Structure formats: structure tokens, C-alpha cells
Amino acid sequence: MRGPALMLALILLLPLLARGGYAYLLPLLQLCGIYAIIVTGLTLLMGFTGQVSLGHAGFYGFGAYFGAVCCASMGMPVWLAAPMALVAGGAMAYASGCMVLRLKGHHLALATLCLGVIVSEFITKSKITGGAAGLYDLPEFSLFGLLTGRPLAKAYFIWFVVWLVLLWALFLTVSPVGRALKAIDGDEDAAASLGVPVFQLKLKVFTASGVLAALGGVLYAFVYTPSYLGPEEFGLMFSISLITMAVVGGMGNVWGGILGAMVMTLLHEGITTLGGKMGITEIARYEQLLYGLLLVCTLIYFPRGLAPALADRFTFWTRPNKLVGGGQ
């Protein structure tokens, strides 16, 4: 458990950013944390059950808009709307998983892609969601006034949630359920012959990953961007970005979700900032090109992802040196 302890220590060092003149990075770190939560669920789904989902942006948007609509249209307080959004996100993931998880391979990917497109189209064109204009005047999750107008406190809160999600994911991977999931990823038929409830476990992981995506949406709507929620964040391209984050970080490693989310989010911010300074108006086109190059290079040189590669390198550095030939 040294990894989670080190991560908690790094979270506690966040005030050094504000004091060192880097307070402008705090909103970016908040966004990294939100994406890390979503990609952690996607990593468990793809890396431990072998199920590819291209629709997690739909769960992300569903969680954000369900909570926002409950507040804007029904007058619910945030503390009630947020958990209801998580329950609704889990119910949606469970219901859709009962249907799409009976498919395999590219058929499953296409089915989840259609699911994400349906949610995105509903958000963009429905009156209840505000359509393309979005929703305004949303309440903020203030946590008894501790978060309102305080980027550092928001970063603390979001990354503490990331830490809790990480602990849960690490516990799951080393539990008997985690070992059964790895068996499913290796060979479903062999796992089923050994008595592993393949479909039930896949459905549970799919539902859990949907809840984590909805949790990211709730944090985005009520903590990161309070008072306004627009549909541009929840389209098809974001689902592809989530897949890229998972692959770059490492699908078979829980830490890969956090690392991949941070690398891709910081890369996007760096490209956008550089494009603005250089006056490149079509920076988005070049950004997709760089994403593709990064993904190809990762698959060639780090096929398991950056997190396992860094773990191997760290193990190499910390391994006692031995002379070749068994010398003393």
C-alpha cells in the first residue's frame, strides 16, 4: 500500500502549487482528477474483462445532466441530486449492459458507441437539457461552504475522491473477484468451465464503470463548472479520448487510468496554449494527429501502457545489482 500512501502525500502537497505561483494549474488538476475517475472504471472494464466500450462519454454526460436537471427543473438540493444521479447512472449501465454484453468484439464496441451517440443526441436536442445552449444557474456543491470559490479546496476534494476510487480498484484487483476477472480476460470459455459466473461478473464491472463515469459527470457539473453545463463535453470524440487515455496509461494496470488521464489532459492543455501563442487557428486538427502519433508510439514501444513500463523501470532501478556470471 505504499503507492496509495505516496499518492495521498502528493495530494497534501497541492498548496505548494498555489504558493509557488502556479494556482492557474488547479482547475486543470481538477479536470485531470475527474477524467482519472472515469478512466479507472474503463481500465477495469477493458483491462480485466476484455470488454471495449466506446460509450462511456454517454454515462459521463448522463450523470452530469441527470443531476443538473434534478436541480434546475425539480428544485432538488445538490446533496440529494448527486447521489440520485449516481443511482440513475448505475441503473442505466446495468440495463444497457444486460443487452450489449451479450455481444463480443467489434459488435460490443459498436453497440456501446451507439449508446453514447444516443445520449449525446438527447442532450444536444432535448428541451429538458437546454439543448445546445445548455443549462444555466445550477447550484454548486459547496460542502458546507468549504468549496465555494476555492480552487485549491476543489482540487483537494476531487483528488480525495480519486484516491478513494483507487483504493477500491486496488482492493478489487487483488480480491477473488479480481482474479476471476483476469481469468475472464484470458479465456471466457475456460473460466466458465471452472465455474466462474462470466456474464454476471462482466455485468457488475460494466455497471461499476458506468457509476464511476456518472460520478465524474456529477463532479464536473457541480464542482468543476458550477452554474453552467453545456453538451460539448460529452460527444463521440470524448469517448475516443477516454479510450486513448486508458490505452496510453495501461489497460491492465489500475494506476494506468490516473497516469493516462493526466498525460492526455496536460498534453491537450499544452497544445492549446502553444497553438494560441503561435496563432495556429486549426490547432484541433493537429491535436488529433499528435494524439494518433502518441497512441501508435505507445502501442509500439510500451504495448502494456506507460504505467506498467514505469513500474518495470522502477523495479529495475531498485533491484540489487548483481555481477554477470554470479561473481561476488
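Keep in mind it's a predicted model, so treat the numbers as computed, not measured.
Annotation for Ser126 and Ile128: closest pair OG-CG2, 3.1 Å, computed over non-hydrogen atoms. Counting all heavy atoms, side chain and backbone alike, Thr43 lies closest to Ala246 at OG1-CB, 4.2 Å. A pairwise comparison of heavy atoms in Gly305 and Thr298 identifies CA-CG2, 4.4 Å as the closest pair. Closest non-hydrogen pair, Val218 versus Gly63, comes out as CG2-O, 3.8 Å. Scanning both residues, Ala64 and Gly217, for their nearest heavy atoms gives CB-O, 3.3 Å. Of all heavy-atom pairs between Leu203 and Cys98, the closest is CD1-N, 3.6 Å.
Note: Leu45 CG to Leu212 CG = 11.0 Å, rounded to the nearest 0.5 Å. To the nearest 0.5 Å, atom NZ of residue Lys202 and atom CG of residue Leu108 are 7.5 Å apart. Atom-to-atom distance recorded for Asp137:CG and Cys71:SG is 12.0 Å, nearest 0.5 angstrom. Atom CZ of residue Phe62 and atom OG of residue Ser120 lie 14.0 Å apart, to the nearest 0.5 angstrom. Atom CD1 of residue Ile37 and atom SG of residue Cys32 lie 11.5 Å apart, to the nearest 0.5 angstrom. The distance from atom CD1 of Ile118 to atom CD1 of Ile123, rounded to the nearest 0.5 Å, is 12.0 Å.
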Trace of the side chain to side chain contact (heavy atoms under 4.5 Å, CB included) decision for Asn253 with Arg304: CA-CA 9 Å; Asn253 190 295; Arg304 293 187 299 149; over 6 Å; no

Steps toward side chain to side chain contact (heavy atoms under 4.5 Å, CB included) verdict (Lys154, Leu26): CA-CA 8 Å; Lys154 291 182 178 181; Leu26 291 175; over 6 Å; no

Test side chain to side chain contact (heavy atoms under 4.5 Å, CB included) applied to Leu113 and Ser239, step by step: CA-CA 8 Å; Leu113 175 63; Ser239 284; 5.9 Å; no

Stepwise side chain to side chain contact (heavy atoms under 4.5 Å, CB included) check, Thr40 with Leu166: CA-CA 8 Å; Thr40 297; Leu166 173 70; over 6 Å; no

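With ring centers used as reference points, Phe122 lies 6.0 Å or more from Phe234.
Classification of the Tyr35-Tyr60 ring pair by plane angle, with boundaries at 30° and 60°, yields perpendicular. Relative ring orientation between Phe59 and His56 is described as perpendicular, the plane-to-plane angle rising above 60° on a 0-90° scale split at 30° and 60°.
Under the 4.5 Å side-chain heavy-atom criterion for grouping Ile, Leu, Val, Met, Phe, Trp and Tyr, Phe222 is not connected to Tyr136 through any hydrophobic cluster. Leu194 and Phe48 fall into different hydrophobic clusters, where Ile, Leu, Val, Met, Phe, Trp and Tyr residues are linked whenever their side-chain heavy atoms come under 4.5 Å apart, directly or through other members. With hydrophobic clusters built from ILVMFWY side chains whose heavy atoms lie under 4.5 angstrom apart, Val39 shares a cluster with Leu299. Cluster membership check: Val119 does not share its hydrophobic cluster with Met99, using side-chain heavy-atom separations under 4.5 Å among Ile, Leu, Val, Met, Phe, Trp and Tyr. The hydrophobic clustering, which links ILVMFWY residues whose side-chain heavy atoms are closer than 4.5 Å, places Val174 and Val177 apart.
Side-chain atoms of Ser96 come within 3.5 Å of backbone N or O of Ala93 as a donor-acceptor pair. Using modelled atom types, no side-chain atom of Glu233 and backbone atom of Pro231 make a donor-acceptor pair closer than 3.5 Å. Under the 3.5 Å distance criterion, the side-chain polar atoms of Thr112 are left unmatched by any main-chain donor or acceptor of Ser53. At least one donor-acceptor pair closer than 3.5 Å links the side chain of Ser209 to the backbone N or O of Phe206. Checked by atom type and distance alone, the side chain of Thr124 never pairs as donor or acceptor with a backbone atom of Glu121 at under 3.5 Å. Not one N or O on the side chain of Ser73 forms a donor-acceptor pair closer than 3.5 Å with the backbone of Cys70. In terms of modelled atom types and a separation under 3.5 Å, the side chain of Ser142 and the main chain of Leu147 share no donor-acceptor contact.
Met92 places a side-chain heavy atom less than 4.5 Å from the side chain of Leu115. The shortest side-chain heavy-atom distance between Leu310 and Leu259 falls under the 4.5 Å cut-off. Using a 4.5 Å heavy-atom cutoff, the side chains of Glu140 and Thr148 are in contact. Looking only at side-chain heavy atoms (C-beta outward), Tyr220 and Leu229 come within less than 4.5 Å of each other. Between Met7 and Ile258, the closest side-chain pair of non-hydrogen atoms falls below 4.5 Å. For the pair Leu44 and Thr173, the minimum side-chain heavy-atom distance is below 4.5 Å. Using a 4.5 Å heavy-atom cutoff, the side chains of Ile184 and Leu201 are in contact. Ser241 has its side chain out of reach of Met264: every pair of non-hydrogen atoms, C-beta onward, lies at least 4.5 Å apart.
Within a 6.0 Å radius of CZ in Phe171, other residues, nucleotides and ligands contribute 12 heavy atoms or fewer.
Applying the ring-ring contact (aromatic ring centres under 6.0 Å, His included) test to every pair with at least one member in residues 146-165, sequence neighbours left out, gives these pairs: Phe141-Phe157, Phe160-Trp163.
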